[in-house]
Amino acid sequence: MALVELKDLSFKYQLADEFALKRINLKIEEGDFYAIVGANGSGKSSLCYAIRGFIPHFHRGDFSGEVLVADQSNSQRKLGEIGLDVGFVFQNPFSQISGVAMNVYEEVSFGLENLGVAKEMIAHRVEEIMTLLEIEHLRQRNPYNLSGGEQQKVAIASVMVMEPRILILDEPTSQLDPVGTEQVFKAIELMKNRGMTIILVEHKMELISYFANKVAVLKNGELLLDGPIQDVFTSPVFAHSQIKPPVYVEVNSELKKHFDYCCEEVLTHEQCTALLHSLKQRSAIEK
Amino acid sequence: MINVTELVYRYPTGFDALRGINLQIDHGEKVAIIGQNGAGKSSLVKHFNGLLKPTSGDVTINGVNTKEKTTAQLSRWVGYVFQNPDDQLFKNSIREELLFGPRQLSTDQVKIDEIVLEIAHLTGLESSLDKNPYDLSLSDRKFVSIASVLTMDQDVVILDEPTAGQSDDKIALLESIVNYLQEKGKTIIVIAHDMEFVAKNFTRVIVLSGGKILMDDSADRVFAQPEKLRQSQLRPPHITRLCLEFGLPVCFNVPEFVEAFVNSCCKRS
Amino acid sequence: MVCLLTFYEQKRSWFADLNPITKLYFVGVMFLIPFLTDNLLILTSYFLLILALAYSSKIFNRFCNTLTRIILPLLILLFIMQSLLYPGGEKIICQIWFMSVKQEGVIFASTIGLRLLIVIGSILVFLITTHPKDMIMALEQKGVPSAIGYIVLSTMQIIPHMEMMSKRILDAQKSRGVEVEGNIWVRAKAYLPVVVPLILSSIAQLENKVMALECRAFNAPVKKTSMVDFTLTGADRFVRIIVILILVAAVVGRVASLWL
């Protein structure tokens, strides 16, 4: 029984001409690390809003179909209630700053205070998440004085620390440098290992193929493909998605023009180097 | 063209953003500035159009010291596209937005109309000229703000993280814009975190870290030094990492890598 | 530039440590008592009381700087207008060119000015010594919905927030050739390219902000943890009594002055 289920979901924003989401049917199991990919404007953020309940509670428009989270329909629950199950990190870090915190430490604690978590637990969890995302050095800084990338990490920390059952992240690394990006992905992986279900909108395919286990591809508001990573990225339908698969998929198909070997899924750096090493050994032996 | 001498910049909060930068960028160069969050990239390029004035040291544009001019005056030569388009857009239609900048600089309406059409075509906005910018998605609005600076036809164009949050098709559009600017002989300066985009499109890469220049060299040489890049929280492009792991010459695209790999396998005989 | 969205300064003092509601009692009384008297001496003493409070709360410099920044232009305008244009004034203090400075005008301006200083000064003392989260929490414990506390906070933040955003927008527009340095006409032309993005961005951001707060469980149907203890101390009770006594004395004084 899926933790999140979208049944025939369609939605058009009030002032829009086109539907942002068209008859989406999707199931997300508990413990999944589900990536949502697609070109800009394909409906990724809208899909996430629907799971969190912002569509239809906050964004009005033409809504049909059903969104079930933990077997309960979002349409029948209040936003505040859905929030106890579903955490959300938005794209824009600046507008996620609460405005009630004098420093980063208070900012990260804010969500836990609102959840009524005990004081001692708050201190423990905040320290842990700040260490994980390497933002301890920012603890006394005013959140508004940080750079965009630093603000993004603080926003992620502030939501992750709340340990929701389902964590949705909408392009959380768009402003981060490469190492910062990896730190965030590793932290997300840790959350997943603790039992959180992850829904991640991203453009960085190489990292998705390493960390995620399933992916949904959106195009013009429709669900083009969904399922396990290897099935989706190697599917011929993927070519219609307007986005590129991880670079290693291209390496694999290019190598096949020169070498004769069984179809192997090559989606990550590790898989690619393993393949290349074996091909090198094989050609050394053959010579 | 752009000369930076012993540039030091300290923010009013006391934070030392730039600690002695020496740099020269010539006409027509394509430069990418990369580095960790907080390394001083934006602080550096904001000196090129006078938004920031040096605490000590000098920045000259075409021989003119930026301390002697306002940003609006320098905007005749230096264009800056900010990361957030919503800080800029205020007209009712995209056409008006594109017309705004050039009208500050000149009164030749014929020439202005020509360039607006050209840039609209380049940035994929021709069919949206009569729309309100806020009717478009954030990703498309970024192109409106890029277009509204390009219509000013300045010698130097600075793009601050144009690739952030963009999907592959939009990045391809950005690449065609960079090519167009190069053909026109413009000096292009880009700040980016997308290493693939930087490696493929920029011949010169400057790496900043902690307010200083860590490396200033060709893309080939910069991305061949992963240890040094790590100092500024950076990584080489994915395909380059494969090159380095297999002892192959640094390259940035798949066909080149595979060819080099195949050759290296054949050489073993 | 240190960016603060509230006036709050993290300094501990006897006044800062009081329950926020107690401080609001103080503010409430300071709103009322200036309007119960016309006596300049009494009004001045009320203001001196506020200054003394600011001093003993270790926020004197901050208080004076902010108050001056907010009120000084207004006060100057008030004095000029009233001194020179007060209707029906007869006692002339001095002449400036063709205009005469009238004593009644000066007295009137002083009364209004002092009232302004007292009202705004007391709010300022409250804001500088109260952590915004504490204010929301204290109100919530009194039964006020957290949403209202947040609306109050956001309203207070509007001006500093816009100040912060307008700097970014100004930079973007300067880069497009909009000249902002110069005489008043030059700056007037820069108005529209700055104000329009400011308002549009603020509205868009407000929407995002509400959603983001929602995602910090602001409206969660659970009781919030308070990091601060809001039980009333002896100091709280003492201050509340004193403040009410001041109010009573002011009312009695007013009634008495009307009778006699």
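Just so we're on the same page: letters track the sequence lines, and every chain starts at 1.
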Quiz item: Do you know which of B:L89, B:D86, B:T70 has the most heavy-atom pairs under 4.5 Å to chain C?
Solution: B:T70
Quiz item: Would you say C:Q173's side chain and C:P193's backbone share a donor-acceptor pair under 3.5 angstrom?
Solution: yes
Quiz item: Does a side chain donor of either C:T130 or C:K23 reach within less than 3.5 Å of an acceptor in the other side chain?
Solution: yes
Quiz item: Using a distance-only test with no angle check, is there a side-chain donor-acceptor pair under 3.5 angstrom linking C:D236 and C:T233?
Solution: yes
Quiz item: Between the side chains of B:K30 and B:Q182, does any donor sit under 3.5 Å from an acceptor?
Solution: yes
Quiz item: Within 45° of the ring axis of C:F218 and under 6.0 Å from its six-membered ring centre, is that where the NZ or CZ of C:K224 lies?
Solution: yes
Quiz item: Are any side-chain N or O atoms of C:R176 and backbone N or O atoms of B:S148, one a donor and one an acceptor, separated by less than 3.5 Å?
Solution: no
Quiz item: Does anything in residues 40-87 of chain B pair up under ring pair (Phe, Tyr, Trp, His ring centres under 6.0 Å), and if so which pairs, sequence neighbours excluded?
Solution: B:Y9-B:H47, B:Y80-B:F82
Quiz item: With a 4.5 Å heavy-atom cut-off, do B:R204 and B:I25 have their side chains touching?
Solution: yes
Self-check item: Segment of B:E97 engaging chain C (4.5 angstrom heavy-atom cut-off)
Solution: both
Quiz prompt | residues 149-165 of chain B: residues contacting chain C (heavy atom under 4.5 Å, by number) | solution = B:M152, B:Q154
Quiz item: With a 4.5 Å heavy-atom cut-off, do B:I177 and B:L122 have their side chains touching?
Solution: yes
Exercise. Identify which part of B:N49 has an atom lying under 4.5 Å from any heavy atom of chain C, answering side chain, backbone, both or neither.
Key: side chain
Quiz item: Taking every heavy-atom pair that is under 4.5 Å apart, which of B:G50, B:S75, B:P102 has the most such pairs with chain C?
Solution: B:S75
Exercise. Using non-hydrogen atoms and a 4.5 Å limit, figure out which bit of B:L105 sits close to chain C: side chain, backbone, both or neither.
Key: neither
Practice problem: Mind ranking B:F90, B:F15, B:Y134, B:F100 by heavy-atom pairs under 4.5 Å with chain C and telling me who comes out on top? | Solution: B:F90
